[in-house]
Amino acid sequence: MKGKINMKEKNKIDKGTIKGFAVLIIGLGLVFGFGPAARTATPSLQPATSSGFQFVADAYGTYATLGNVVVAGKTAVSSLGACGIVEPPVHSENTVLSAEDTPLFATGVINTTADGSEPVAGTLQAMATADVHDASLLITLLGGVITADEVNSVSTTTHDNSGFHTSADGSTVVNLVVAGVPITVLPAPNTNISLPGFGHVVLNEQITKMKARSASFTVNMIHVFIDVANVLNIPIGTQIIVSHAFSGLTSGVQGTLDGQAYGTKAGVGHTITSGPSAIVRMSCLGTNGNLKTNSVAQVQVPPLFSVGEVVDTALGTVDSTSAVGELTSTVQAVDVFTSLVTASLVKADAHASSTGGTLTFSDDGSMFTDLHVTGFPNIHDDVPPNTRLHIVGLGTLWLHRIIQTSNSIEVRMIELIVTEANGFGLTIGTDIQVAEAEASVH
């Protein structure tokens with residue numbers, strides 16, 4: 001099925017020769033390094049004000065799946081982000097003129113919104129809407145088995161002094177017809193209607209999750225399930241959603257976490273040569289204080305790199321006063337580009353935290369053991385952060401590279417970037433990384 005949406009000054013310190021190419025190091029700081037050392041914690045200049053709640057909301061117009069396979073991607077997505085927000089107000093909106101994936105569905109204009117707000121003092125609200133016009137589903141020669149001039153889902157989750165509440169108020173359907181039968185009023189929540197020759201549909205599907213510290217609410221105005229073989233040859237197990245809105249709130253959240261760690265990676269632009277090894281990711285609300293680990297015995301990608309055991313970890317806690325995250329990547333027996341760089345151990349360690357609204361970042365714990373760079377006898381394990389080597393006839397080699405933003409820190413212990421034409425068959429733009437850890441807090 002095919003779908004569419006209308007919508008140059010160098011200070012040379014040393015030089016050596018390695019297998020036919022020269023290397024030299026550029027230094028703007030003491031000895032071999034330049035840029036700020038980031039071994040100590042770095043607080044943000046402007047503390048943030050947290051509501052103490054996580055707001056999440058998202059909406060889309062159309063979506064179709066077959067098991068874990070996406071058949072038609074989400075359209076007109078509005079969202080408060082993968083981890084939501086803790087500082088309202090935030091507003092997101094999206095519009096597409098039409099969406100089509102025949103014979104599954106076709107629509108006109110789709111408008112969606114996602115909001116986190118405090119509409120009145122003491123009341124917190126997460127809200128999403130999905131308004132879809134001129135919807136037609138299961139399109140046969142005679143037209144859609146399901147049609148509607150408009151379907152609008154609204155999901156609202158609030159918290160006030162009496163607790164959590166959810167609501168679908170504002171949800172509507174206009175001229176909805178299902179298998180030839182007009183639906184003249186908004187269907188009751190979770191109305192199930194048989195679709196002869198196809199399966200069934202749930203109208204105004206509502207899914208509520210209510211806990212002591214959180215609540216969430218999903219509204220799918222039209223949710224089709226293909227249960228039987230059919231004249232349109234839509235595979236059994238296919239599901240189609242039109243007009244989806246989701247909202248949620250979680251209390252006791254000073255901030256949210258994010259980040260990842262991996263042992264090795266190589267690629268050119270968006271083309272992956274070797275994907276992230278033993279990757280581990282931080283969940284939005286941390287790991288509940290439990291160490292999350294991923295590992296692999298070895299990774300061999302000649303001539304780019306060869307490494308032994310890779311162990312990557314994530315550890316995070318989130319509560320009403322702080323959000324603290326740490327990600328690490330520890331790589332043994334490292335050999336990058338046929339002994340240009342070797343080490344018995346390389347570790348990237350990234351920390352991000354928010355305490356009382358103050359954001360702090362650190363690379364404490366990052367280290368090399370038995371680090372050697374051919375042609376540079378003065379480079380040892382204590383090489384300063386952001387040390388850069390210019391590999392003549394190849395490109396740039398970074399050691400203990402640190403990239404920091406207002407809410408994140410990324411540590412790349414070894415990074416080789418090919419920027420020059422070379423005789424080694426490496427494409428300009430090739431980027432090789434060993435021991436990467438990134439942590440962020442919001």
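Since the structure is predicted, the reported quantities are computational estimates derived from the model, not experimental observations.
- Side chain of E420 to main chain of G393: a donor-acceptor pair is present (N/O by atom type, distance under 3.5 Å, no hydrogens or angles).
- In terms of modelled atom types and a separation under 3.5 Å, the side chain of N386 and the main chain of I402 share a donor-acceptor contact.
- In terms of modelled atom types and a separation under 3.5 Å, the side chain of S366 and the main chain of D349 share a donor-acceptor contact.
- S79 places a side-chain N or O within donor-acceptor distance of the main-chain N or O of G81, the cut-off being under 3.5 Å.
- Ring centroid separation for the pair F361 and H351 does not come in under the 6.0 Å cut-off.
- Within the 4.5 Å cutoff, the side chain of T140 has heavy atoms near those of the L232 side chain.
- In this structure, L389 and W398 have side chains that are not in contact, with every pair of non-hydrogen atoms separated by 4.5 Å or more.
- In this model, a donor atom of one side chain and an acceptor atom of the other lie less than 3.5 Å apart for S408 and T405.
- With ring centers used as reference points, F225 lies 6.0 Å or more from F198.
- When all heavy atoms of A99 and I110 are compared, the closest pair comes out as CB-CD1, 4.0 Å.
- Between the side chain of N94 and the backbone N or O of S78, no donor-acceptor pair lies under 3.5 Å.
- Of all heavy-atom pairs between A59 and T112, the closest is CB-CB, 3.9 Å.
- Checked by atom type, the side-chain pair N111/T95 shows a donor-acceptor distance below 3.5 Å.
- For the atom pair Q239 CD and T65 OG1, the distance stands at 5.0 Å (nearest 0.5 Å).
- Looking at heavy atoms from C-beta onward, H372 lies out of side-chain contact with P377 at the 4.5 angstrom threshold.
- Residues S247 and T157 have side chains that bring a donor and an acceptor to within less than 3.5 angstrom of each other.
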Practice task
List the steps, then state whether side-chain contact (heavy atoms from CB on, under 4.5 Å) holds for T156 with F217.
Solution key: CA-CA 7 Å; T156 305; F217 187 44; over 6 Å; no
Handout entry: Residues V383, L371; criterion side-chain contact (heavy atoms from CB on, under 4.5 Å); working and verdict
Key = CA-CA 9 Å; V383 59; L371 173 65; 3.7 Å; yes
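- A donor-acceptor pair is defined here as one N or O able to donate and one able to accept, closer than 3.5 Å; no such pair exists between the side chain of N220 and the backbone of I222.
- Side-chain contact between E326 and V324 is absent, with no heavy atoms from C-beta onward closer than 4.5 Å.
- Taking each heavy atom of A439 and G325 in turn, the nearest pair found is CB-O, 4.4 Å.
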Handout entry: Worked verdict on Q433 versus Y262 for side-chain hydrogen bond (donor to acceptor under 3.5 Å, both in side chains)
Key = CA-CA 9 Å; Q433 299 176 21; Y262 53 80; 2.5 Å; yes
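- Judged by distance alone, with hydrogens and angles left aside, the side-chain atoms of S155 form no donor-acceptor pair with the main-chain N or O of V219 at under 3.5 Å.
- Side-chain atoms of D381 come within 3.5 Å of backbone N or O of D370 as a donor-acceptor pair.
- Here R412 does not pair with E436 in a salt bridge; the nearest charged N to carboxylate O distance is not below 4.0 Å.
- S344 places a side-chain N or O within donor-acceptor distance of the main-chain N or O of T369, the cut-off being under 3.5 Å.
- When only modelled atom types and interatomic distance are considered, T321 and D319 share a side-chain donor-acceptor pair under 3.5 Å.
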Exercise for the section: Please step through side-chain contact (heavy atoms from CB on, under 4.5 Å) for the pair T107 and E100, ending with a clear verdict. Expected result: CA-CA 6 Å; T107 78; E100 179 182 353; over 6 Å; no
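- One side chain, S243 or S153, offers a donor N or O that lies under 3.5 Å from an acceptor on the other.
- Put simply, the residue from T313, D312, V280 that forms a side-chain contact (heavy atoms from CB on, under 4.5 Å) with T293 is T313.
- Of the listed residues (V231, V201, I226), just one forms a side-chain contact (heavy atoms from CB on, under 4.5 Å) with L138, and that residue is I226.
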Exercise for the section: Show your working on side-chain contact (heavy atoms from CB on, under 4.5 Å) between V268 and D431 and close with a plain yes or no. Expected result: CA-CA 6 Å; V268 183; D431 190 330; over 6 Å; no
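- Separation of atoms CG (L137) and CG (L195) is listed at 9.5 Å; rounding is to 0.5 Å.
- The aromatic rings of Y60 and H244 lie parallel to each other, their planes meeting at an angle below 30°, with 60° marking the opposite boundary.
- Within the structure, the disulfide bond (SG atoms under 2.5 Å apart) test picks out the following pairs touching residues 54-93 (sequence neighbours left out): C83-C284.
- One distance of note links CD of Q300 with OG of S306; it measures 3.0 Å at 0.5 Å rounding.
- No side-chain donor-acceptor contact under 3.5 Å links T113 to the backbone of A128.
- Within the model, atoms CZ of R213 and CZ of F53 stand 9.0 Å from one another, a figure rounded to the nearest 0.5 Å.
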